[in-house]
Amino acid sequence: MTAIPFHSAAPPSVRGACPGLSTPMPTGDGLLARMGFDAAISVEHLMRIATLAKRYGNGLIDISARGNLQLRGLTTESAQALENDLGGMNLPLREGVPVETGALSGRDPAEIANAEPLASAIRAVLREDKLSGRFAAKFTIVVDGGGQLPLHALLADIRLQATRRANALYWQIFLGGTATTGRSVGRVRDADAKSCVASILARLVAMTPPPRGRDLDPEQVRAWLGDAVSDKPAETVGSTVPAFGLLPITACPATPLSRPATLRGTETCDRRLEDGRATRPPPPSTHDPAFGGSAAAPENSLASKQKAGGEIRTPPIREDDAPFAVRIGIPFGQCHADTLIALARRAEDFGVKFVRPASDHSLVFFANESACRNLMAFSKDLILSPHDPRARIAACPGKPACMSASLNTHALGETTARQAADLLDGSFTLHLSGCSKGCAHPTASLLGLVGTNEGTALIFRGKTSDMPLKFIRHGQEERAISVLAALVRLERGIGETTSACLSRLGPARLEQVLSQGLS
Ligand code: SF4
């Protein structure tokens with residue numbers, strides 16, 4: 001085995017930074033500005049944002065794993081102009097600590113609970129207690145009600161995962177990691193969830209500096225919460241693959257995707273479905289982002305500039321407008337603005353009004369069934385199925401988009417999806433990373449190819465910073481993947497997955513076969 005210490009790719013100087021609109025981040029192709037939304041936006045807004053990406057940047061747009069839009073190739077001047085233009089669009093921009101929910105929250109017949117009331121309550125705590133600016137830049141809270149688009153794969157400092165016992169709603173609290181790697185504190189009743197999170201946040205900001213979720217001891221947090229947290233053993237969350245394509249959603253007049261302030265305060269669909277033990281959501285806020293407003297924000301922030309115009313004008317959406325949704329994945333999370341402009345234009349032609357950028361590099365459009373089907377037919381070159389091999393590759397922007405990259409991740413991903421689709425059977429995520437930072441897949445993966453100045457590191461069962469199984473020369477990456485694909489075709493037992501097969505063969509055999517195949 002070729003075991004070379006993995007240190008050759010210098011960490012980017014901006015590591016840990018989280019670019020927003022006001023603080024764009026330098027990358028290989030200029031400045032990058034990021035925006036997240038706490039509600040659906042109109043397809044017209046999507047078209048305008050894509051047009052701005054061409055006007056002010058190089059036209060490349062990322063839809064991140066968390067469903068943020070990232071506009072690339074900006075300059076200092078154009079980033080300022082972009083912020084000004086976006087400020088006039090009345091978008092439900094996310095500011096401060098992200099409190100993330102699924103794109104179908106409150107509309108998903110398969111969800112365990114509507115996550116939005118609890119998420120809104122937590123956002124209100126952060127806002128009213130002025131906590132947001134006091135956490136690390138990437139501190140994130142995930143409130144996952146389950147259903148067709150779970151957030152299991154997202155990293156979270158604090159995760160609240162819906163669960164039911166005897167028809168009563170509980171939230172399982174996890175610290176750090178994903179739904180499968182986070183450490184469980186225990187579960188709390190729905191009625192106590194908001195105050196438990198508020199208590200944890202208050203404890204954290206009293207520390208210097210406030211720690212990340214991964215640094216916390218679950219036992220200590222359990223002690224903070226006292227009787228509110230159950231002392232049941234940790235539960236695990238089964239990993240569910242989010243759906244793509246046509247998704248039936250709940251027609252619920254009281255749970256619109258967005259609506260004007262005057263309509264707020266009615267009972268939510270989720271609460272009507274419950275057995276009467278659910279907590280009453282906090283009083284609706286004038287800027288409740290769950291309903292298309294924007295979270296309270298610092299005076300000079302874009303969100304506050306938006307609000308200077310007064311009334312929140314996000315149009316209402318009625319249940320009969322959108323009994324269906326269609327989730328469309330963007331291969332490797334990046335496309336040219338023209339792709340989004342064409343998609344939004346056709347969506348508008350079909351009568352689709354709303355879209356929400358969603359986790360796992362996707363866009364969720366809301367409409368009637370025929371409009372959704374028309375949009376799927378138009379989007380046949382994008383990802384419409386979890387079985388699309390491109391959906392099983394996590395690739396960062398790579399070369400030439402990022403200045404830290406030593407690997408053209410998208411080109412390699414396209415070739416792999418075409419030539420080794422059978423290797424990508426859904427049992428693992430192939431990670432293609434331009435450098436050791438591992439932006440596209442911060443957790444361990446079965447197989448990863450990581451660009452470095454000296455060559456490409458092939459990682460087996462590890463993170464990008466782990467010891468590589470083998471270093472391969474630049475230009476040999478396709479060959480290495482085809483060698484592994486051929487090995488799996490030869491050795492795979494009946495019903496055996498790629499992950500099980502490669503794990504059974506083990507690192508020594510893989511290294512031997514790669515050495516022979518690449519010589
Ligand atoms: S992982 Fe990819 S996007 Fe992230 S810094 Fe490295 S090359 Fe750039």
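For ligands, and for the atoms within them, numbers begin at 1 and follow the listed sequence.
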A.B. asks: Which atoms of ligand 1 are found less than 4.0 Å from any heavy atom of Cys435?
C.D. replies: 1 (S), 5 (S), 6 (Fe), 7 (S)

A.B. asks: Which ligand 1 atoms are under 4.0 Å away from a heavy-atom of Pro397?
C.D. replies: 3 (S)

A.B. asks: Against heavy atoms of Gly438, which atoms of ligand 1 measure under 4.0 Å?
C.D. replies: 1 (S)

A.B. asks: Assess Cys439: does it contribute an N, O or S atom lying under 2.8 Å from atom 2 (Fe) of ligand 1?
C.D. replies: no

A.B. asks: Give a yes or no on whether the backbone of Gly451 and the side-chain of Ser406 come within a donor-acceptor separation of less than 3.5 Å.
C.D. replies: no

A.B. asks: Under the rule for side chain to side chain donor-acceptor pair (under 3.5 Å), what residues qualify as partners of Arg504, not counting sequence neighbours?
C.D. replies: Glu496

A.B. asks: Which ligand 1 atoms, with their elements, are less than 4.0 angstrom from a heavy-atom of Cys396?
C.D. replies: 1 (S), 2 (Fe), 3 (S), 7 (S)

A.B. asks: Using a strict cut-off of 4.0 Å, indicate which atoms of ligand 1 neighbour a heavy atom of Ser433.
C.D. replies: 1 (S)

A.B. asks: So which pairs with a foot in residues 49-61 pass salt bridge (Lys or Arg N to Asp or Glu O under 4.0 Å), sequence neighbours left out?
C.D. replies: Lys54-Asp338, Arg55-Asp85

A.B. asks: Mark up the atoms of ligand 1 that fall under 4.0 Å of a heavy atom belonging to Ala405, in ascending order.
C.D. replies: 7 (S)

A.B. asks: Determine whether more than 12 heavy atoms belonging to other residues, nucleotides or ligands lie under 6.0 Å from atom CZ of Arg489.
C.D. replies: yes

A.B. asks: Quick one: does His45's side chain get under 4.5 Å of Arg48's, heavy atoms only?
C.D. replies: yes

A.B. asks: Once rounded to the nearest 0.5 Å, what's the spacing between atom CZ of Phe135 and atom CD1 of Ile158?
C.D. replies: 7.0 Å

